[in-house]
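Quantities reported herein were computed from a predicted structural model and do not represent experimental measurements.
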Amino acid sequence: MTRLLILLSTLLLATACTQAPQQPSDATTPPEPAVQESFSVLFGGTKVGQLTVSGSAQQLSIDYGFENNGRGASSQESLTLTTQGIPTQWQINGKTTFGNAVDEQFSVDGDIASWTSAAGKGSEGGATGKMYVAQNASPYSSYLYVNAILKGENDTLPALPAGQMTLSKVADYTFNTTQNNVPARIVALGGIALDPTYLALNEDNQLMALLSPRFTLIRDGFESADADLRQIATELNASRFKDIAERVTHSFDKPVRINNVRLFEPEALALTSLSSVVVQGDRIVSVDAPVTDFSSDEVIIDGAGGTLVPGLFEMHGHMSDNRALLNVIAGVTSVRDMGNEIDVIETLVNNIESGVLIGPRITRSGFIEGVSKFSNATGEMADSEERALELVREYAAMDGYKQIKIYSSVNGEWVPAMAQEAHKLGLKVMGHVPAFSTVDEMIYAGYDEVTHINQVMLSWVLDRSEDTRTLFRITGMKRFADLDLQSEKVQSTIKLMSERNIAVDPTIVIHEFGLTARNGETRAGMRDYINNMPISVQRSAKVALLNVADENEDKEYKAAFEKVLQTLSMMHKRGIFIVPGTDLGGAFELHRELELFTQIGMSPAQAVRRGSYDMANYLGYGDDLGSIEAGKLADFFLISGDPTADIKAIKTPSMVSFGGRIFFPSEVYPEFGIQPFTRAPSIINN
């Protein structure tokens, strides 16, 4: 699950933890004890890595690494710290989750700080007392930041290259072991990324754990607290987003008329004349001509000649509460979750449906993975065909699941029985092509949809013995550069997909990221948003996903992406159904995915229709979603431009209606440190 690993890597590589530094020894002070700490990295309850810290309070060495889903990050760090715990020297070497080399350096000379990272070089004067935010540090960095704040005079600390860190206590917790109980407090570190980072500290301000809903970094010997800590993180996130929801949700006790707007009409692939749309409760009750005499019985929202677009669908999400909110605010009101821990997704759906959190309508997928040393720690694991069939039945018995997703370590020989059982129980079948299998075999076995375009194309360039459970399923794509799309093996698969109505979820945007992003350059998918993002996001947007060894490999990867686009263009012409998903969280990334659809042969209007009306019908929601019509659910968003002429117009909604609840992105984005893109429309008779 790429999106999950990207999220794990971002949190782990942008945050950190350490033991509280002590005052340096002098002639009257006894020598300090050496620092020696060790922490486990757990993902979904499974240990996937280790982090160790050694040295002294002001000279630290950190060794970190994890492996999950056939890939992983590792790093070695050395730091020199002031008595306040602020680094004056910081060297980081290693690799990111997808293999991009890390060689990051930071130093202070007098009052001038200088740094070099994958995003580029920088320097700044007046650096005394400021904390450098490392781009590719281990998880230990979050605790370094927290410790420095605790040693300061207040709960804030200025940061480099920009911004300010904040610290607040959010909960108490006691670590229970067979030997003793360790009282702790949980703190929130903010100001670095879109969301706070939660850490547990003992009474001596030593790190006990870094916690999130899906993973923990936890002191050795206290791993039994993992489930508790992940639940606490889930509750803290829910509390934060509940508070945001209460402040930014506009619900009205009388009908709401969005006046003076054109509607995107998906069947006509055109805009209507100026109209007004009346919403009462969660439904559209009428579509009328614009009004000029405003009734006191209605709330009027002035659309100012803009366009209403039906809510979009993200077809390859891995939802969390922060991503849920960001999707809705971007006009993405429905998400197909392509694999999650059952407890995580069930809690999220319940919170959204009860109105506690803001989030999209979620269609769930049953994630089934095989057991191997390369297994993805997310989802349910099968060690036999019978267990795989049991999992199919279990997912079918739960509400909200419309399909199963088969992952890379599943034995391909089990798939015919799995698909037969799934279809019998009313579930669609989709997923990766299991290792040592081919896409044609999976289609014959019963797939309805193939996940990721590389999973299709790798069958054309790899030998059966080559293992796609590893990072090779990404790096092996450079062989696409020399692929003959008119060859018999390619055309045979295309013909088979067309004849059997096999859909493909290509996730073009993540392949664009992997194959074309380069260190120091803002990646294509972020260029339209970059200046509005927090500094940490801006820096991350300038980091490659993969390691690019040399100029020749650079050309191969870029040529491979062009071959991806050519393949999808050919598929589109042959009538193969292509669905828009990102595996990068949706929201802004889904806007880019639909923009890329215009590079494979769709017009802007066709791309918007594919992301809304077509997906509603594909998932069986056409009676309620996909178009702006009386009687349908009020899921739509307001933009100023014409998306049939310029697909980029969808990128800046000024208002979103989700089931009749109204949201203005300009009120929400500052909660994430994002500068709003537009102003909210005027409201009359509120």
Side-chain angles (χ1 to χ4, degrees), residues 3 6-7 10-11 14 117-120 122 133 135 158-166 190-197 240-241 244 247-248 304 306-307 309 312 314 320-333 358 360 509-510 512-513 517 520-543 545 582 584-596 611 637-641 643 646-656 658 662-681:
R3 171 64 198 151
I6 290 174
L7 178 60
T10 300
L11 287 170
S117 70
V133 179
Q135 185 162 33
L160 294 170
Q164 180 170 265
M165 301 177 186
T166 63
I192 296 175
L194 295 176
D195 301 293
T197 299
R240 176 182 179 232
F241 289 108
I244 293 174
R247 287 186 281 106
V248 304
T307 303
V309 179
L312 300 173
E314 154 69 305
S320 59
D321 33 23
N322 60 334
R323 289 297 179 185
L325 173 55
L326 287 171
N327 270 281
V328 170
I329 300 308
V332 183
T333 56
I358 301 168
V509 68
I510 199 169
E512 178 185 54
F513 180 15
E521 303 174 8
T522 300
R523 66 181 178 92
M526 288 292 294
R527 288 172 189 159
D528 292 333
Y529 302 112
I530 189 69
N531 293 331
N532 295 68
M533 293 293 121
I535 186 64
S536 61
V537 178
Q538 292 189 27
R539 294 177 78 202
S540 296
K542 297 179 180 180
V543 179
L545 186 67
T582 71
L584 283 173
F588 304 123
E589 304 290 357
L590 184 71
H591 297 161
R592 176 59 178 172
E593 182 79 6
L594 292 175
E595 185 177 13
L596 287 167
F637 59 100
L638 174 66
I639 57 177
S640 61
D646 181 6
I647 190 68
K648 289 179 183 289
I650 66 173
K651 296 186 176 186
T652 52
S654 61
M655 182 205 77
V656 178
F658 176 67
I662 303 298
F663 306 99
F664 302 117
S666 59
E667 295 178 348
V668 179
Y669 282 136
E671 302 283 349
F672 295 89
I674 300 172
Q675 180 181 342
F677 304 95
T678 58
R679 299 174 66 177

For this session: Test side-chain contact (heavy atoms from CB on, under 4.5 Å) on Leu545 and Arg523 and set out the steps.
Result: CA-CA 10 Å; Leu545 186 67; Arg523 66 181 178 92; over 6 Å; no
Problem set entry | Glu589 vs Ile510, side-chain contact (heavy atoms from CB on, under 4.5 Å): CA-CA, chis, key distance, verdict | CA-CA 9 Å; Glu589 304 290 357; Ile510 199 169; over 6 Å; no
For this session: Using the side-chain contact (heavy atoms from CB on, under 4.5 Å) rule, take Ile358 and Val668 through it: C-alpha gap first, then chi angles, then the decisive distance, then the call.
Result: CA-CA 11 Å; Ile358 301 168; Val668 179; 5.8 Å; no
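Side-chain N or O atoms of Asp195 include none that pairs as donor or acceptor with a backbone N or O of Phe672 at under 3.5 Å. Looking at Arg527, its side chain does come within 3.5 Å of a backbone N or O of Thr522 through a donor-acceptor pair. With hydrogens and angles disregarded, a donor-acceptor distance shorter than 3.5 Å links the side chain of Ser536 to the backbone of Ile192. Using modelled atom types, one side-chain atom of Glu314 and one backbone atom of Thr582 make a donor-acceptor pair closer than 3.5 Å. Panel note: side chain Gln135, backbone Arg539; a donor-acceptor pair is recorded below 3.5 Å. Proximity of a side-chain donor or acceptor of Ser640 to a complementary backbone N or O of Gly306 within less than 3.5 Å is not detected.
Below 30°, between 30° and 60°, or above 60°: for Tyr529 and Phe677 the angle between ring planes is above 60°, a perpendicular geometry.
Around NZ of Lys651, the count of heavy atoms belonging to other residues, nucleotides or ligands within 6.0 Å exceeds 12.
Across every non-hydrogen atom of Phe664 and Ser654, the tightest pair is CD2-O, 3.6 Å. Between Ser666 and Arg679, the closest heavy-atom pair is OG-C, 4.5 Å. Ile674 approaches Pro534 most closely through the heavy-atom pair CG1-CD, 4.0 Å. Among all heavy-atom pairs drawn from Pro653 and Ile639, the shortest one is CA-CG2, 3.9 Å. Heavy-atom minimum distance, Val656 versus Gly331: CG2-N, 4.1 Å. Minimum heavy-atom separation, Asn531 to Gln675: O-OE1, 4.2 Å.
Taking CD1 from Ile650 and CG from Leu590, the interatomic distance works out to 7.0 Å, rounded to the nearest 0.5 Å. Taking NZ of Lys648 as the reference point, atom NE2 of His591 lies at 12.0 Å (rounded to 0.5 Å). Taken from CD in Glu593 to CG in Leu312, the straight-line distance is 12.0 Å, to the nearest 0.5 Å. Glu512 CD to Arg592 CZ: the interatomic distance, rounded to the nearest 0.5 Å, is 4.0 Å. In this structure, the separation between CZ on Arg240 and CG on Asp321 is 9.0 Å, given to the nearest 0.5 Å. Note that CD1 of Ile329 is 12.0 Å distant from CZ of Phe637, once rounded to the nearest 0.5 Å.
Residues Pro676 and Pro665 fail the side-chain proximity criterion, which asks for heavy atoms closer than 4.5 Å.
Geometric assessment of Arg323 against the ring of Phe241 yields a negative cation-pi assignment under the 6.0 Å and 45° thresholds.
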